[in-house]
Number of protein chains: 2
Amino acid sequence: MSLRHALLGMLAEGPYTGWGLLKHFEGSLGYAWPALHSQIYPELARLRETGLIEQVGEGPRGSKTYEATAAGREQVWRWLRETEPDRGTRNDPLLRIFFLWLLDDEDAVAWLEREEAYLTGLLAELDAIVAAEPPPASRRERSFRLALELGRATTRARIEWARAARDDVRGWPAV
Amino acid sequence: MSLRHALLGMLAEGPYTGWGLLKHFEGSLGYAWPALHSQIYPELARLRETGLIEQVGEGPRGSKTYEATAAGREQVWRWLRETEPDRGTRNDPLLRIFFLWLLDDEDAVAWLEREEAYLTGLLAELDAIVAAEPPPASRRERSFRLALELGRATTRARIEWARAARDDVRGWPAV
DNA sequence: TGACTCATGTAAGAAGTTACATGATTCT
DNA sequence: AGAATCATGTAACTTCTTACATGAGTCA
């Protein structure tokens with residue numbers, strides 16, 4: 001359901017090809033909602049069938065350009081205003097922490113250091129995006145920046161946690 | 001795949017009934033990996049068929065008690081040591097932020113305040129769990145506490161973000 | 001006895017992943 | 001000419017959600 005609204009949201013902004021949307025899902029949007037071409041193309045077809053988007057052009061290699069219809073824009077707006085965000089997020093790294101105690105201390109410490117390294121890399125990626133973007137001018141760019149800032153804030157919190165957790169495990173008494 | 005390992009991880013710790021596991025997924029584990037009985041029972045049946053868990057007893061209302069076999073414990077251990085955590089987390093609230101600009105400023109501010117209220121409630125829940133639990137003594141309890149601390153740390157970061165984001169939107173120039 | 005909780009299952013459908021399949025254009 | 005990228009689709013399978021279905025024990 002969220003993929004449908006993400007596509008609709010992008011196409012409410014302006015025209016995109018399926019390929020163009022795919023690239024956005026490989027970049028920024030993918031941090032929030034990963035999607036592959038095998039899911040995107042059929043979903044675009046469904047959205048067109050239901051009249052929420054329409055094809056507004058054709059490009060070089062059989063590419064198709066879509067845009068949201070009035071009904072489609074209405075639908076995104078309703079999604080944002082009238083539906084509760086899905087709070088039931090699946091978080092595999094968090095799940096693993098519940099079972100860290102099944103590893104011996106060395107392996108648990110190594111796991112936490114790996115996690116910290118990954119998160120440090122992720123933060124660097126997000127920082128690079130901020131550095132590369134011009135200061136946000138449009139409302140759309142301001143929203144994008146807010147999303148980016150949320151990613152940076154939670155990633156920083158996770159890095160600090162990983163360091164503290166490693167030190168904590170090092171202090172665990174031997175069994 | 002993660003549900004399978006979560007069940008295996010719980011049953012590596014000691015015996016549980018399907019119902020008992022379900023209660024854990026409704027509580028703490030559910031913050032990391034939500035699962036309903038309609039998914040848990042069939043998965044337990046599959047784990048038993050593949051010899052990763054075994055039934056070790058029967059209770060009052062046709063309840064069945066399971067425990068991980070040696071092969072099952074080996075499997076969780078491998079999952080933790082040898083597989084990369086799935087980083088492709090879906091995050092509906094984050095996705096919506098990319099499209100906040102489609103709302104007018106008042107609605108965007110209201111959305112952010114709702115989000116802050118939800119997160120404040122969540123933090124209170126997590127704080128209550130910490131307050132209710134005795135200081136962690138076993139390795140298992142220490143792991144559990146680490147998971148809880150990660151939840152608290154990211155929730156605090158998101159609350160601060162929501163406040164800053166609200167103030168930011170209030171400063172957006174009129175269109 | 002009636003309501004509630006405990007306890008387990010199945011079935012249909014939606015969403016997501018992996019693999020298969022094809023062809024056009026651009027660049028070297 | 002060959003490789004890389006652009007561009008779209010389908011099919012099989014796994015995972016997850018929603019709904020259906022049943023029965024035992026407990027408590028007021």
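Reminder, nothing fancy here: chain letters follow the sequence lines and each chain counts from 1.
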pair A:Glu13-A:Ser138: side-chain heavy atoms closer than 4.5 Å: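 No, too far: nothing below the 4.5 Å cut-off.
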Whole-Å distance separating the CG atom of A:Leu3 from the C1' atom of D:dT17: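 It works out to 17 Å between those atoms.
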B:His5 NE2 to D:dT15 P, straight-line distance once rounded to whole Å: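 Result: 10 Å.
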Which residues pass the salt bridge (Lys or Arg N to Asp or Glu O under 4.0 Å) test with [X], not counting sequence neighbours?
X: A:Asp127; result: A:Arg152
X: B:Glu26; result: B:Lys23
X: A:Arg48; result: none

Would you tabulate the pairs of protein nitrogen or oxygen atoms and nucleotide nitrogen or oxygen atoms of nucleotides 26-28 of chain D closer than 3.5 angstrom?
none

Transitive ILVMFWY side-chain link A:Tyr16 to B:Leu95, under 4.5 Å: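 Same hydrophobic cluster.
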side-chain hydrogen bond (donor to acceptor under 3.5 Å, both in side chains) pairs, two or more places apart, involving residues 76-89 of chain B: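 Output for this query lists A:Arg96-B:Thr83, A:Asp107-B:Arg81, A:Arg114-B:Glu84, A:Glu115-B:Arg87, B:Glu74-B:Arg78.
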Near-strand residues of residues 71-91 of chain A, defined as heavy-atom separation under 4.0 angstrom from DNA chain D: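 The answer is A:Arg90.
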For a quick test of your reading: what N or O donor-acceptor pairs under 3.5 Å do the side chains of residues 2-12 of chain B make, sequence neighbours left out?
| from | atom 1 | to | atom 2 | distance (Å) |
| --- | --- | --- | --- | --- |
| B:Ser2 | OG | A:Asp92 | OD2 | 2.9 |
| B:Arg4 | NH1 | B:Glu43 | OE2 | 2.8 |
| B:His5 | ND1 | B:Met1 | O | 2.9 |

Proximity to DNA chain C (any heavy atom under 4.0 Å), residues of residues 27-45 of chain A only: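 Residues of residues 27-45 of chain A under 4.0 Å from DNA chain C: A:Trp33, A:Leu36, A:Ser38, A:Gln39.
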Rounded distance [0.5 Å steps], OG1 in A:Thr155 versus CG in A:Leu126: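 The CG atom of A:Leu126 is 5.5 Å from OG1 of A:Thr155, to the nearest 0.5 Å.
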Nearest-0.5 Å distance that lies between atom CD1 in B:Ile53 and atom CZ in B:Arg73: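 The CD1 atom of B:Ile53 sits 12.5 Å away from the CZ atom of B:Arg73.
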Ring-ring centroid check A:Phe25 A:His37, cutoff 6.0 Å: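 Centroid distance A:Phe25-A:His37: not below 6.0 Å, so no.
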Sequence neighbours excluded, every pair satisfying ring pair (Phe, Tyr, Trp, His ring centres under 6.0 Å) that has a member inside residues 99-132 of chain B: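 Found none.
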Ring pair (Phe, Tyr, Trp, His ring centres under 6.0 Å) contacts in which one or both residues fall within residues 119-171 of chain B, not counting sequence neighbours: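 Every pair satisfying ring pair (Phe, Tyr, Trp, His ring centres under 6.0 Å) with a residue in residues 119-171 of chain B: A:Phe98-B:Phe144.
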Nucleotide range of DNA chain C lying under 4.0 Å from chain B heavy atoms: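 For DNA chain C, the relevant span reads C:dC6 to C:dT17.
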Whichever of B:Lys23 and A:Met1 has its nearest DNA chain C nucleotide further upstream toward 5':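 Closest to the 5' end, via its nearest nucleotide, is B:Lys23.
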Results of side-chain hydrogen bond (donor to acceptor under 3.5 Å, both in side chains) for A:Glu113 - residues two or more places apart only: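 Applying side-chain hydrogen bond (donor to acceptor under 3.5 Å, both in side chains) to A:Glu113 gives A:Arg170.
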